[in-house]
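Given the structure is predicted, the values throughout are model-derived calculations rather than measurements. Naming: A, B, ... by sequence-line order, numbering from 1 per chain.
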Amino acid sequence: MNEIKLFHRIIICVLLLLASAAAQAQDTSRVKTLQSVSVGASRPVEATAQAPVQVLGIEKLEQTGVTTLSDAAKQLSGVVLRDYGGVGGVKTVSARGLGSQFSTLTIDGVAVNDCQNGQVDLGRYQLGNTEYVSFANGQHNASLQTARGYAAGNVLNMESRTPRFGKENHHGKVGVEGGSFGFLSPSLLWEQRLGQRLSLSLWANGLKSDGDYPFTLYYGNNAGDSSSREIRNHSRVESGTIDGNLFWNISGSQSLVAKVHYAQSSHQLPGPVIFYTQKGSEQTASQLFFAQGRYKNKLSEKFRLQVVGKYSRMSDTYEDSAANNTLHYTRSEYLQNEGYLSLAGLYEPVEHLHVSLATDASASTLESNLAKNNEVQRLTSLNVLALGYRCSRFDVDANAVATIADEHTNSGLEHSYRKLSPYAGATLLLWPLDLNDAGETACFVRLRYFFKENYRLPNFSEMYFFSITRDLNPEKAQQHNVGLTFSKGGVQATVDGYFNRVTDKIVAIPMQSLFLWSMRNLGKVEILGLDANLDVDLHPKALSWCDIALHTNYSFQRALDVTDPGKKNYQHQIPYTPRHSGGATLTMLTPWVDLGYSLVAVGDRYRLGQNTESNLVKGYVDQGVTLSRSFSLRPRKENGLASMVRVKAQVLNLFDVQYEVIKSYPMMGRNYRLGVSWEF
Amino acid sequence: MKKLIFALAACAALAFVSCTKENVSPEDNPGNNNNSGNSTAAQAYVLNEGSWGGNNAELSLLNIENGSATATYFSAVNGRGLGDVAQDLVAYGSKLYCVVWGSNTIEVINPATGRSIQQISMGTKGPRYIACYGGNVYVTCYDRTVARIDTASYQITGSCSLSGLNPEGIAYCNGKLYVCNSNESDANYNYTFDNTLSVVDLASFTEVKKITVPENPTRIKALANGKLVVVYGNGYNNPAGMTLVDPATDALTDLSADATGMDVMGNDIYCYKYDYATMSAAFWKIDGNSASKTTILSGTGVSFVAPYGINVNPSNGDIYVTDAQDYSSNGDVHCFAANGTHKWSAEVALLPSKVVFF
C-alpha cells in the first residue's frame with residue numbers, strides 16, 4: 001500500500017471516530033473559546049468604512065480550514081490571487097486591475113517592504129498567530145496610521161493574535177497538521193502574562209511538503225487533444241518561523257506592541273511544466289528577520305501620537321544546477337536591509353474634526369552578487385497631511401501624500417522621484433432617518449465614495465537588473481469607488497462599483513534583441529468593476545443548537561488595455577484577470593461537529609494580452625470541506641481556561657478539479673489534511 | 001484476409017517510407033536556403049517561436065496565393081502542441097525538421113499533412129539551429145556540440161564537440177559545417193563573447209579549425225559562390241554587423257550593414273535591420289559577390305511594427321517579412337513580390353520568425 005492510500009485510510013478512520021464521538025457526546029456542549037483581552041488594534045468595520053474593507057476573523061478562517069494568508073486571500077472579493085501551484089508556489093495578490101505592486105502587505109499595520117521585487121509571497125505567511133486578516137481598497141480608515149498605509153493602493157493587513165488568559169498566567173497551544181503529498185506542519189503557541197499590563201507570546205511553526213502531486217497535462221486546447229498523467233516533481237518545501245510578541249499597556253494612555261520575527265525556508269522550484277521534457281534544477285533559500293514596534297500615546301483628549309519603527313533583513317539565494325552557462329551553474333544572492341521609522345500625530349481642535357500628520361522615513365539597501373549595480377540604496381520619505389470630519393450621520397476625509405525618494409547604485413547611477421497624491425472620501429448614513437429611533441434591530445444603510453491617486457515606485461529588479469535603460473517613472477493608479485452598505489443585526493451587505501485607471505504602467509519591451517530588455521512607462525489600463533459581499537450570521541430558533549454563518553461574494557472586472565489603438569490587444573482584458581469571480585464560505589457550528597465549506601469560482605482568463613483562443617486559461621470552481629470538533633479535557637472553571645483538544649479533518653479540492661491559476665503551473669487535485677491541537 | 005493483406009502492405013509502405021534516407025540532392029548545394037522542398041510551392045509553413053515557458057510554439061500554414069492562414073495548424077492536426085520555444089525549421093528532402101529548443105525535441109513533419117512523423121528527444125542538449133547535408137541533419141546544441149541525426153532512422157548517430165561558446169547558427173559549405181560560437185554568461189550573469197566560427201569536417205565529424213570573426217556571431221548562411229554570410233553583435237555589448245567569410249582564405253569582407261536577420265538566395269543576401277530604440281525598420285538586398293547594397297521594401301505602404309524574420313521564396317523571389325508586433329500578441333506575415341509590391345498580410349501566431357515553402 002502506498003503512502004497516499006494509507007493516508008486516505010487514516011482520514012476515513014478519523015472521520016468515523018469523529019462521527020462516533022459525536023454520537024456518544026451529543027449532550028455535552030461545545031467548548032467555547034475565551035474572550036480576548038483587548039490590547040491590539042480594533043478591527044475595521046466593513047459597513048462604516050469609506051473605502052471598502054473586508055475582514056476575515058481567524059475563527060471562521062479556521063473553521064473553513066484556512067491556515068495560510070494566501071488561502072485567506074481567496075475569500076476576498078475583487079482580489080486576484082496569482083498562484084503558481086502547490087505549497088511552495090509563489091502566491092501574490094492584486095486587486096481591481098491594479099498590478100500586484102499596488103498591494104501592500106502590512107503586519108500589525110507595519111508594511112512588509114520588498115524593494116527588489118515590490119511584491120510579497122503570501123504563501124510564506126501562516127495564520128497560526130493571527131487574530132484577523134483585513135483587506136482595504138484604497139486605505140484603512142484607522143485614525144492614526146503610517147504614511148505607508150496612506151500611500152498604498154490597497155492594503156492587506158495581518159493582525160497578530162492578542163494573548164488570551166483565564167485564571168492562569170499562561171496559555172498554550174500545540175498542534176500538528178499532516179496532509180497529502182508529504183505535508184507536515186507542527187506548531188506551538190505560548191502566551192505568558194507578566195502582570196496586569198504586560199504579556200508576551202511566542203509562536204513557532206515548522207512546515208514541510210514534498211509537493212509531488214499528480215496532475216493531468218493537456219497538450220492542446222481542444223477536446224480530444226492528447227493528455228498524459230504526470231507527477232509534479234522538484235517541489236519540496238521546508239520552512240520554519242518563530243514569532244515573538246510583546247503587549248504592554250504602559251498606562252491608561254500609552255501602549256507598546258512589539259514583534260520579533262524570523263523565518264527561514266528552502267524551496268525547490270519546479271518551474272512551468274514544459275511539454276516533452278523535465279526540468280528540475282532550480283531552488284531558492286531565504287531568511288527573513290524583522291523587529292518592529294508600535295508605541296501609542298494619548299497625550300490629551302485632543303492629541304494622540306504614534307511611533308512605529310522597524311528593522312528588516314531579508315536574504316535570498318537562487319541556484320540553478322543546470323544553468324545555460326559556462327559552469328552549468330548559477331547562484332544569485334540578494335540581501336535586503338531596511339530601517340524604517342514612522343511618526344504620526346492626530347489633533348482634534350474641536351469635536352468631530354481631526355487633523356493628522358504622518359511622516360515616514362526609510363532606508364533600503366539591496367546587495368547582490370550580480371555583475372552590475374550590485375549595491376543599490378534607496379532613501380524614501382513619505383509625508384501625509386490628513387483632515388477629517390466625523391459625526392454620526394456622515395464623515396469626510398481628505399489627505400495628500402508627498403513621496404520623495406532618491407536612490408543610487410555603486411555603478412554610479414542615480415534616480416529621484418517626487419510625487420504628490422491625493423485622497424478624498426466620505427460616507428453618509430441614509431437610513432435610519434432618525435438615529436434616536438434606531439434600536440438593536442435597526443437597519444443601517446450607508447452611501448460611500450472615495451477617490452484616490454497613488455504611485456508605485458519602480459522596484460530594483462525593473463530598474464537595475466533586467467533593463468538596459470533606466471528612465472522609469474512611478475506607475476500611477478487612480479481609483480474611484482462608490483458603494484452602498486447595509487447592516488441589520490447579523491446581516492451585512494456591501495455593493496461597490498469602481499472605475500480605476502492605471503497610467504505609466506511599467507511594461508517590458510525588448511531592446512536590440514530579445515535578450516536585452518528595457519522597462520518603459522508605456523501601458524494604460526482602464527478598469528470598470530463591481531464587488532458585492534453578503535455576510536449572514538444565523539441562529540435559527542428552530543435549530544437553537546446550531547450557529548450558521550454564510551459569506552458570499554461576487555466580483556466583476558472589466559480591465560482593458562487601452563495603451564494603443566493600433567495594437568492587437570487594444571481593449572482586450574488584461575492577462576490573468578477574470579471578468580467574473582466569486583466565492584462562498586459556509587460554517588455550521590453544532591454540538592457534535594463544526595462544518596466548514598468553501599467555494600472559489602474564477603471565470604475564464606487569458607494568459608497574454610491578446611484575448612485569443614490559444615491564450616485562454618479556463619475558469620474553475622474549487623471547493624473544500626472541513627470538519628472539526630473540540631473535546632474538553634477538564635471542566636471549564638468559571639472565567640478560567642478550558643483545556644481542550646481540537647481535531648480537524650479536511651478535504652481540499654473536493655471534486656478533484658484539474659485547473660491552473662497560472663498557465664503551465666498545475667494546481668493540486670483532491671487532497672487531505674488532518675490536524676490535532678491541544679490547548680491548555 | 002483482404003484486410004490483413006492491406007494492413008501488411010500498409011506496414012511495408014510505412015517501413016519503406018521510414019527507411020528512406022534523404023538522398024544527396026540539389027538542396028545540399030550552397031546558396032540554397034533550405035526554405036523550400038518544392039520548386040513550385042503553393043503553401044508555406046510559418047515557424048512561431050512562442051513565449052518562453054509558454055508551451056505555445058506553433059506552425060502556421062499559409063496559402064501563399066491568397067495569404068489565408070491557419071494559425072494553429074500543427075496543434076490542430078496533431079492534437080498536441082509543438083512545445084516550448086521553436087527555434088528553427090528547415091525543409092530537407094520530403095520532410096520538415098523543426099527544432100523545439102525549450103522542449104528539447106526535434107519534430108520530423110510530413111509537409112503534405114502537417115503531421116509529425118517522429119519526435120526526436122534531444123535529452124538536455126538544448127538544440128538550436130539546423131543544417132542539412134548528405135542525408136543527415138546537423139543540429140547545434142547548447143551543450144557545445146553539433147548532433148548528427150540520420151534522416152532514415154531519426155537516431156542521433158554522432159556528436160561533435162566544439163571549443164566555442166553556445167553554438168548558434170550553422171551552415172554547410174563544401175564538405176564542412178560552419179558554426180557560430182556566440183556567448184555565454186558565468187554564474188553571475190557576466191557575459192563572455194566568442195568571436196569564432198568552428199569548422200567541422202564532415203568525414204571525421206570533428207572540429208578541425210576556427211575562423212576569427214567579429215564578436216558574437218549568431219547567424220550564418222552559405223552563398224552559391226562558396227562564401228559565408230555571418231550576422232554578428234547585438235548592438236549593445238558589441239557592434240552589430242554582417243560580414244562575408246571566404247572559407248578558402250578565412251578572409252572577411254564586412255558588408256557595412258548592421259542587420260538583425262537575413263536570408264540568402266543564390267548569391268543574394270536579403271536582410272533587415274530593426275532598431276528597437278526608435279522602432280524603425282530597414283531592408284536591404286546585398287550582392288554577395290560585389291557587396292553592393294540596395295534598399296528594398298521602402299514605400300510599400302506596410303507599417304512594420306517589429307520585423308522578426310525575412311525569407312525569400314526560391315521559386316519566384318517573393319519576399320516574406322514576419323512581424324512580431326508587441327511580442328505578446330500574434331504576429332503577422334507580410335508578402336511582397338520581388339519588385340517590392342505588397343501582395344498580402346496574414347496574422348499567424350506568437351513570435352513568427354521564419355517562413356518555409358512547400
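Here the closest heavy-atom approach between residue A/Pro272 and residue B/Gly53 is recorded as CB-O, 3.9 Å. Residues B/Asn330 and A/Gln610 approach most closely at N-OE1, 2.6 Å, considering heavy atoms.
More than 12 heavy atoms of other residues, nucleotides or ligands lie within 6.0 Å of CZ in A/Arg579, so this atom counts as buried by the packing criterion.
Interface residue B/Gln119: only side-chain heavy atoms are found under 4.5 Å from chain A. Heavy atoms of B/Thr105 lying under 4.5 Å from chain A belong exclusively to its side chain. Neither the backbone nor the side chain of A/Lys663 comes within less than 4.5 Å of any heavy atom in chain B. Contact of A/Tyr318 with chain B is made through the side chain alone, with heavy-atom distances under 4.5 Å. In this structure, the portions of B/Asn190 lying under 4.5 Å from any heavy atom of chain A include both its backbone and its side chain. At a 4.5 Å heavy-atom cutoff, A/Val507 makes no contact with chain B through either its backbone or its side chain. In this structure, chain A has a heavy atom under 4.5 Å from the side chain of B/Thr72, while its backbone stays farther away. With a 4.5 Å cut-off on non-hydrogen atoms, B/Leu82 touches chain A through its backbone but not through its side chain.
Here the CZ atom belonging to A/Phe275 is positioned 15.0 Å from the CG atom belonging to B/Asn104, to the nearest 0.5 angstrom. In this structure, CG on B/Asn56 lies 8.0 Å from OG on A/Ser664, to the nearest 0.5 angstrom.
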> Can you check salt bridge (charged side-chain N to carboxylate O under 4.0 Å, His left out) on B/Asp84 and A/Lys279, steps first, answer last?
Replying inline: CA-CA 12 Å; B/Asp84 190 51; A/Lys279 204 186 171 197; over 6 Å; no

>> Could you walk me through whether A/Asp564 and B/Asp326 satisfy the side-chain contact (heavy atoms from CB on, under 4.5 Å) test, starting with their C-alpha distance in whole Å, then the side-chain angles of each, then the deciding distance to 0.1 Å, before giving a yes or no?
In response: CA-CA 11 Å; A/Asp564 179 356; B/Asp326 62 356; over 6 Å; no

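In this structure a side-chain-to-backbone donor-acceptor pair under 3.5 Å is present from A/Ser226 to B/Gly79. Side-chain N or O atoms of A/Arg607 include one that pairs as donor or acceptor with a backbone N or O of B/Gly54 at under 3.5 Å.
Interface remark: of the candidates B/Glu347, B/Arg144, B/Glu58, B/Glu347 forms the most heavy-atom pairs closer than 4.5 Å to chain A. Of the listed residues (A/Leu370, A/Asn374, A/Asn569, A/Thr330), the one with the most heavy-atom contacts under 4.5 Å to chain B is A/Thr330.
In this structure, A/Lys568 and B/Gln325 have side chains that are in contact, with non-hydrogen atoms separated by less than 4.5 Å.
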